[in-house]
Amino acid sequence: MVQLENDSFNKKFVTYSTDQIEARYILTPSMMEKINALDERSAYTVSVSFVNSSLYIAFPLNKNYFEPPVFKTLLKPDLLDDDMSVLSFMYDIIQELDLNTRIWTKQ
């Protein structure tokens, strides 16, 4: 278990690593603040995992987005607004965490 410098991050998340130095390299103060902000925007607690050179983010949703309604139209504005809101949130994650910048590997 890794104890990090950000107390609010430590209260929300439990950090495990086999390498304390690498965990601190990845979870910079800025990254921890961004993950905290992401968690505050989400209705439920997010889970974040760094495996090799990949970042995995999981957050529970109250709707199954892989099974659209079969006998209902998808062209209702409220349904489209809900879907666009989720897509916007996921796009914001990429922007907020600056995931387009490769900092961990040269691959």
Side-chain angles (χ1 to χ4, degrees):
M1 192 166 141
V2 180
Q3 194 67 20
L4 299 163
E5 295 78 26
N6 188 322
D7 289 334
S8 64
F9 186 86
N10 288 330
K11 288 177 185 175
K12 289 182 183 182
F13 300 98
V14 179
T15 306
Y16 294 101
S17 177
T18 56
D19 187 339
Q20 298 264 333
I21 295 170
E22 183 180 37
R24 285 178 171 72
Y25 176 71
I26 294 171
L27 291 169
T28 63
S30 174
M31 179 63 83
M32 287 186 282
E33 287 177 19
K34 290 176 181 181
I35 293 172
N36 271 339
L38 171 65
D39 187 63
E40 288 173 8
R41 287 188 56 197
S42 178
Y44 305 99
T45 301
V46 298
S47 297
V48 180
S49 178
F50 298 90
V51 179
N52 296 326
S53 61
S54 298
L55 166 67
Y56 298 92
I57 301 174
F59 51 96
L61 299 171
N62 57 2
K63 180 179 175 184
N64 188 345
Y65 285 91
F66 294 105
E67 294 182 17
V70 178
F71 299 108
K72 295 180 182 176
T73 181
L74 293 174
L75 300 178
K76 291 183 179 179
D78 58 333
L79 291 176
L80 289 174
D81 288 343
D82 288 345
D83 290 347
M84 290 306 294
S85 173
V86 170
L87 287 173
S88 175
F89 181 66
M90 291 180 186
Y91 178 78
D92 290 346
I93 290 170
I94 294 168
Q95 297 302 316
E96 183 67 28
L97 297 180
D98 197 19
L99 297 179
N100 285 328
T101 303
R102 186 177 302 265
I103 62 171
W104 297 301
T105 68
K106 294 181 182 178
Q107 297 175 345

Rounded to the nearest 0.5 Å, the CD1 atom of Ile26 sits from the CD1 atom of Ile21 at a distance of 12.5 Å
Considering non-hydrogen atoms only, spot the tightest contact between Gln3 and Arg24 and give its length. O-NH2, 2.7 Å
Scanning both residues in full, the closest heavy-atom pair of Val2 with Tyr16 reads CG2-C, 4.4 Å
Could you report the tightest heavy-atom contact between Phe9 and Asn36, atom names first, then the distance? N-ND2, 3.6 Å
Would a single hydrophobic cluster contain both Met90 and Val48, if residues Ile, Leu, Val, Met, Phe, Trp and Tyr are joined by side-chain heavy-atom contacts under 4.5 Å? yes
Measure the spacing between CG of Asn10 and OG1 of Thr15 and express it to the nearest 0.5 Å. 6.0 Å
Close side-chain approach of Ser30 to Lys34, heavy-atom, < 4.5 Å: yes
Output for pair (Ile94 CD1, Phe89 CZ), nearest 0.5 Å, gives 11.5 Å
Nearest 0.5 Å, please: how far is OG in Ser8 from CD1 in Ile35? 11.5 Å
Rounded to the nearest 0.5 Å, what separates atom CG in Asp39 from atom CE in Met32? 14.5 Å
Nearest-0.5 Å distance that lies between atom CD in Gln20 and atom CE in Met1: 10.0 Å
From Asn6, Val46, Leu27, Leu4, residue fulfilling side-chain contact (heavy atoms from CB on, under 4.5 Å) relative to Phe13: Val46
